[in-house]
Amino acid sequence: MSRQHKIAILKYTTKNFWLLLIPLVRGLIAVGFDFYNWFQGAYLDIIAITLMVGMAVTRWYFITFEIDDEGIYVNSGVFVRKKFMLPYSAVSCASAKRSMWLRPIKAVTFSIDSDSIPMAGKRSGVDLELTLKLNDYTKIYNKIPNESTKAKITYRASKSNLIFFSFVFSSTLSGVIFIGTFFIQGSKILGNKLEENFFNAVSGVTAVMQKIIDGVTPVSVALTLVIALGWGISFISNLLRHINFRIQRCGGNIIVKNGFFSKWKYYINISRVNCADLRQNLLMKICRVMSVHVSCTGYGKSRNEIPVFVPVTTGRRVMSTMEMTLPNFTPCNISARPKTTYILAYIWAPLTAVLAVPAAAVAAVYFFPLWKSIIKFLLIMAEIPAIYLLIVKFTAKFTSGIGVSDNSVTLKYCTGSQFHTVIIPKSRVAYVRLSRSIFQRFSGCCDVWVYSRGERAARHRVRGIRFDDAEKIVQNFT
């Protein structure tokens, strides 16, 4: 039986364990490295940290694993021992992350997932995650089923495609969350210094902007800086995460590699891929480019991870790449589209926002005239995405639809501001459901829901399909 790399002990300590060390180190420096006086004043903190480390070491010691030709055997638990076996044949995706700080000590974070519910009971978790020595990781990866064929098909994403992909799929929200976490955690160490520097920067930028734009306020500048900085952090993170992106097919397996400072490697079982999702936003649709994401249990499951299969490139190149790597995921012709008059259900929400935002701004200026410049700024910030979303939903009405072939079903629909073309093999369809509201009964249409298999069924909805056409689609699955 083998044990994890010793660095895994840190994983079993509390989340903010390292913050407890800061006052201890400060105290030691304050007393001039007089260990006796330091211990007298901080012995309770030292005992608490020692207990935490001791519990982490104990937990690490009692987790053992064995690599077999059939699968991986794992034993865990201190007082109540648990045994767990994961066969290689059930693996849908295996991933290995060699973080920048783990590479010098030859440690790898290794995860394996299948379509079953994880042992811990958390649907967002994986079946098995271990921090392994590099030799143990190599041994496991070599035993995962790999067809003995020398024929390999490789696709490499160009740097321009990866830059465009990072530009399109960067999330301002995730960047803002990172900034908030940075200030919260940083203030625990450096006090209010970070906040003071930020507000000084805002004041400096405000002074410059006031020379260019009359009436600009510090609040407007602060909001703009946070949004821009948040998006920039997300963009750089995505680019470094997906740089050197390469996929390689060998028989029924696909290997995905990417990363710059930290290296990721994925093994994907093609037979376990539930669906392929060709994604576009409005800009990508105009430029006739798209990206391909796949639904496979374990792939793209971690936080801030995108299950990308082909980064942004032209539609023609996407189709040729999918024919080589995913031959069973070919889109078919759309045979059922939303009813011609069924348009209000698509645009009512953004249309309401477009009309309501100016009305709310006028009312706000009436009651708070001194805040007119700030309200004007917020009006513009809110109206731009509302108009954009109205255009997106109007476009979605005329591009949505469903097509069914002998082997697969293709669904075109829009969620949020993203256009999806989802291809699901019939063998991976869990079930199909038709739903009708009161208004849809009068108009003779319905919503078609298609659920794809996986650890948990993923649902895809196309709105406003004629009820007669929807019934024909259901008959194709019987």
Side-chain angles (χ1 to χ4, degrees), residues 92 115-116 252 269-280 285 290 292-297 307 309 315 318-319 322-323 325-348 393-416 418-478:
S92 59
D115 288 338
S116 62
N269 187 343
I270 293 180
S271 64
R272 303 278 177 164
V273 175
N274 303 308
C275 66
D277 184 1
L278 283 62
R279 296 189 184 182
Q280 297 174 296
K285 209 168 187 65
M290 61 184 68
V292 181
H293 299 206
V294 295
S295 170
C296 180
T297 305
F309 193 78
V318 163
M319 294 306 168
M322 289 186 64
E323 286 177 5
T325 55
L326 293 173
N328 295 329
F329 291 80
T330 304
C332 54
N333 295 327
I334 301 301
S335 58
R337 295 189 178 275
K339 192 175 179 180
T340 306
T341 56
Y342 191 84
I343 189 170
L344 190 60
Y346 277 86
I347 66 170
W348 73 267
K393 295 302 182 183
F394 186 80
T395 306
K397 160 65 179 71
F398 298 98
T399 57
S400 299
I402 305 174
V404 182
S405 65
D406 294 336
N407 301 316
S408 66
V409 56
T410 300
L411 303 101
K412 289 190 173 185
Y413 61 93
C414 176
T415 57
Q418 292 284 323
F419 296 92
H420 300 264
T421 300
V422 177
I423 307 160
I424 312 173
K426 284 186 175 180
S427 60
R428 304 302 292 177
V429 174
Y431 62 96
V432 181
R433 179 170 67 90
L434 306 182
S435 65
R436 305 179 76 183
S437 65
I438 296 175
F439 300 104
Q440 287 177 329
R441 288 180 182 274
F442 286 108
S443 60
C445 58
C446 66
D447 294 346
V448 179
W449 301 74
V450 179
Y451 292 76
S452 56
R453 297 181 184 275
E455 191 174 57
R456 54 179 175 175
R459 60 184 186 179
H460 313 272
R461 178 173 71 163
V462 183
R463 298 182 178 188
I465 301 296
R466 291 179 179 273
F467 189 70
D468 293 340
D469 293 337
E471 285 188 319
K472 293 177 182 178
I473 290 172
V474 173
Q475 291 173 1
N476 282 320
F477 289 91
T478 57

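Keep in mind the model is a prediction, meaning the values are calculated, not measured. The first residue of the sequence shown is numbered 1, and numbering continues consecutively from there.
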According to the salt bridge (charged side-chain N to carboxylate O under 4.0 Å, His left out) rule, which pairs have a member within residues 433-444, sequence neighbours left out?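 Qualifying pairs: none.
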Within residues 461-473 or reaching into it, pairs that qualify as salt bridge (charged side-chain N to carboxylate O under 4.0 Å, His left out) - sequence neighbours excluded: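 As it turns out, the salt bridge (charged side-chain N to carboxylate O under 4.0 Å, His left out) pairs with a partner in residues 461-473, which skip direct neighbours, are Asp447-Arg461.
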Would you call [X] and [Y] a side-chain contact if the rule is heavy atoms closer than 4.5 Å?
X: Ile423; Y: Leu326; value: no
X: Asn407; Y: Asn328; value: no
X: Phe309; Y: Thr325; value: yes

Nearest atoms (heavy-atom pairs only) where Pro331 meets Met319: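 Of all heavy-atom pairs spanning Pro331 and Met319, the closest is CG-CE, 3.8 Å.
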Nearest heavy-atom neighbours spanning Ile424 and Cys275: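 Result for this residue pair: CG1-CB, 3.7 Å.
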Between [atom1] on residue [X] and [atom2] on residue [Y], distance to nearest 0.5 Å:
X: Lys393; Y: Leu344; atom1: NZ; atom2: CG; answer: 13.5 Å
X: Phe329; Y: Ile270; atom1: CZ; atom2: CD1; answer: 8.5 Å
X: Arg453; Y: Arg272; atom1: CZ; atom2: CZ; answer: 11.5 Å
X: Cys296; Y: Asn269; atom1: SG; atom2: CG; answer: 7.0 Å

Taking CZ in Phe398 as the centre, count heavy atoms belonging to other residues, nucleotides or ligands within less than 6.0 Å. Is the count above 12?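 Correct, the count exceeds 12.
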Salt bridge (Lys or Arg N to Asp or Glu O under 4.0 Å) against Arg279, all qualifying residues, sequence neighbours excluded: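 Testing Arg279 for salt bridge (Lys or Arg N to Asp or Glu O under 4.0 Å), a comparison that skips the adjacent residues, returns Asp277.
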Identify each donor-acceptor pair in which a side-chain atom of residues 408-415 lies under 3.5 Å from a protein atom, sequence neighbours left out, and give them as a table.
| unit_1 | atom_1 | unit_2 | atom_2 | d |
| --- | --- | --- | --- | --- |
| Ser408 | OG | Ser405 | OG | 3.2 |
| Thr410 | OG1 | Cys332 | N | 3.1 |
| Tyr413 | OH | His460 | ND1 | 2.8 |
| Thr415 | OG1 | His420 | NE2 | 2.8 |

Partners passing side chain to side chain contact (heavy atoms under 4.5 Å, CB included) against [X] (at least two apart in sequence or in another chain):
X: Ile473; value: Ala336, Ile402, Val404, Phe477
X: Ala470; value: Leu434, Cys446, Val448, Ile465
X: Ser437; value: Phe439, Gln440
X: Thr399; value: Lys285, Thr395, Phe419

Please name all residues satisfying ring-ring contact (aromatic ring centres under 6.0 Å, His included) with Tyr431, sequence neighbours left out, ordered by chain then number.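 For Tyr431, the residues satisfying ring-ring contact (aromatic ring centres under 6.0 Å, His included) (neighbours in sequence not counted) are Tyr451.
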Got a sec, which residues hit side chain to side chain donor-acceptor pair (under 3.5 Å) with Ser435, two or more places apart in sequence or on another chain?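 Trp449.
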Using the side chain to side chain donor-acceptor pair (under 3.5 Å) criterion, which residues pair with Thr297? Sequence neighbours excluded.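 Thr297 satisfies side chain to side chain donor-acceptor pair (under 3.5 Å) with Asp115 only.
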Checking Arg428 against Asn274: is there a side-chain donor and acceptor pair closer than 3.5 Å?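 There is such a pair (donor and acceptor under 3.5 Å, judged by atom type) between the side chains of Asn274 and Arg428.
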